[in-house]
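Report on the structure given below.
Each chain gets a letter, A, B and so on, in the order its sequence line appears, and its residues count up from 1. Side-chain atoms are counted along with the backbone in the values below, which use heavy atoms only and exclude waters and symmetry mates.
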There are 2 protein chains.
Amino acid sequence: MLSKKTKYALHALTHLGQKEERTPVQIQEISEAYGISHKFLENILLELKKAGILGSKKGKGGGYYLIKEPKDIPLSKIIRLLDGPIALVPCASLNYYETCVECKDEATCGIHKVMIKVRDEMLKTLDNKNLEDILKE
Amino acid sequence: MLSKKTKYALHALTHLGQKEERTPVQIQEISEAYGISHKFLENILLELKKAGILGSKKGKGGGYYLIKEPKDIPLSKIIRLLDGPIALVPCASLNYYETCVECKDEATCGIHKVMIKVRDEMLKTLDNKNLEDILKE
DNA sequence: TATAAAACCTATAAAAAAAGTAGGGTAAGT
DNA sequence: ACTTACCCTACTTTTTTTATAGGTTTTATA
């Protein structure tokens, strides 16, 4: 399951994507709309900004806005950013690879091989769905 | 990512599946083979038994053994049993459905609709891979 | 240029979940 | 009878997630 962080990110991005114009939206507007703690959301939006998904403007009248086209923001990117790996086991992760401690030999581990396939299929699904798909629904 | 519980379950099932015969295997043999705490593994095997995947025999010479064909044990079943929902959000879960608190109206929620599709695709992947696939690799 | 508004940043605390531990009960084989 | 090993419940520790706190910096505007 997704963490609240990721879910909140999806709501925030959806909210920003629904606006006709890409003018700055304040944290408070979003936090109130979905009942998210202001400060918690702040951290999330900051991460989205650092990842190049959002832009921001400081000072009065400032806020956050999308700097990418919704169709160019796949679910995989959002999930990886806030939740971490897509793969089900560390040894099958592309971006967060780690050896599995209880595994003796990756080369002969059936779990490893199957999980690589699972990861590929999941990735196909999550790369293929983006913010635009959410907005269209 | 999968919990250690689920990973341990996969290792245990693989171990049991690799045996030629379906004679009882003691917890200790499995816990030592993978460096899993005896007691922790005990709980896991018990759950697998209650789910009808394993059988057990008490007393001397007892232990656990597979009572299902590896091809009839899909990953989805193991994951659901030990980790819970396959879906990424509670409102998209078949077996563990819950409404999402921050969501006003499921019927118009784009996230919900996209997540249903994601769940369907993930389920297809995980229903389609089973213990036999792990053993064959 | 002072003031207020809003993002930015770092650290810490609280809560929840996962992982592991303990200890005894129960059934079955020898 | 005795031992082995599953069965069951409760508890503790650790880790992760969620949330809070408090200050700094930037910008609009009066």
Taking only side-chain N and O atoms of [X], does any of them lie within less than 4.0 angstrom of OP1 or OP2 on [N]?
X     : N      : answer
A:K49 : C:dC8  : yes
B:K39 : D:dC8  : no
A:S37 : D:dT20 : yes
B:K57 : C:dG29 : yes
A:Y64 : C:dC8  : yes
A:S56 : C:dC8  : yes

Sugar-phosphate, base or nothing in reach of A:I27, heavy atoms under 4.0 Å: sugar-phosphate
Sugar-phosphate, base or nothing in reach of B:K50, heavy atoms under 4.0 Å: sugar-phosphate
Along DNA chain D (nearest heavy atom to each residue), the more 5'-positioned of B:Q28 and A:S3: B:Q28
Toward the 5' end of DNA chain D, by each residue's nearest nucleotide, A:K4 or A:K58: A:K4
Going by an N to O cut-off under 4.0 Å, is there a salt bridge joining [X] and [Y]?
X      : Y      : answer
B:E121 : A:K124 : no
A:E106 : A:K113 : no
B:D120 : B:K117 : no

Could you give the [atom1]-to-[atom2] distance, from [X] to [N], as a whole number of Å?
X     : N      : atom1 : atom2 : value
A:I44 : C:dA7  : CD1   : C1'   : 15 Å
A:L2  : D:dT17 : CG    : C1'   : 14 Å
A:L81 : D:dT17 : CG    : C1'   : 16 Å
B:E29 : D:dT4  : CD    : C1'   : 15 Å
B:I67 : D:dC6  : CD1   : P     : 15 Å
B:K60 : C:dA27 : NZ    : C1'   : 15 Å
B:N43 : C:dA17 : CG    : P     : 19 Å
B:L46 : C:dG20 : CG    : C1'   : 16 Å

D:dC6 base / B:E42 side chain donor-acceptor hit below 3.5 Å: no
5' priority, DNA chain C, between A:Q26 and B:F40 [closest heavy atom]: A:Q26
Watson-Crick or G-U wobble mate for D:dT3, both contacts under 3.5 Å: C:dA28
Mutual orientation of the aromatic rings belonging to B:Y34 and B:H11 [parallel < 30°, tilted 30-60°, perpendicular > 60°]: tilted
Trace of the side chain to side chain contact (heavy atoms under 4.5 Å, CB included) decision for A:K77 with A:K68: CA-CA 12 Å; A:K77 181 158 189 163; A:K68 283 203 166 196; 3.4 Å; yes
Closest listed nucleotide, where the reference is the side chain of B:Y8 and the choices are D:dT20, C:dA19, C:dG20: C:dG20
Backbone N/O of B:S31 and side chain of B:H38: donor-acceptor pair under 3.5 Å: no
